[in-house]
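Report on the structure given below.
Computation of the quantities below employed the complete heavy-atom set of this structure, encompassing side-chain atoms and omitting hydrogens, waters and symmetry-equivalent molecules. From a predicted model like this one, the values you see are computed outputs, not experimental measurements.
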Amino acid sequence: MTDTPYTPELVKARLAEAADTLRRLPSARIRARLTAWPDVVQSASTAYGYEAARTRPAAPSPDAISRMDETLAWLFRVEN
């Protein structure tokens, strides 16, 4: 990226990619587990997977994370 001129289209694309990469990263919250036992099934409908499936987006690549870090650093250089 050092040889590429910073055009408005490039900046817009990099900010969009950074937002997408940030969305796909796992949550930083630490979930406290009080026990190693599995969760108790409360009803038969949840026991057999009759509820809607929840999917996560694919994890971002290390290159995408590096570009996101570089792009987010740009925001600290923006003056009011």
message: Once side chain to side chain donor-acceptor pair (under 3.5 Å) is applied, do any residues pair with T71, and if so which ones, sequence neighbours excluded?
response: R14
- prompt: Can you name the residues that form a side chain to side chain donor-acceptor pair (under 3.5 Å) with D20, not counting sequence neighbours?
  reply: R23, R24
Side chain to side chain contact (heavy atoms under 4.5 Å, CB included) partners of [X], counting only residues at least two apart:
X	answer
S66	none
T7	E9, L10
L22	L25, M68

- request: Look up atom OG in S27 and atom CZ in R56, then write down how far apart they are to the nearest 0.5 Å.
  value: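 S27 atom OG to R56 atom CZ measures 8.5 Å (nearest 0.5 Å).
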- prompt: Which atoms form the tightest heavy-atom contact between T21 and P60, and what is the distance?
  reply: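 In terms of heavy atoms, the two residues are closest at CG2-CB, 3.6 Å.
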statement: Heavy-atom nearest pair, V11 first then Y6, reads CG2-CB, 4.5 Å
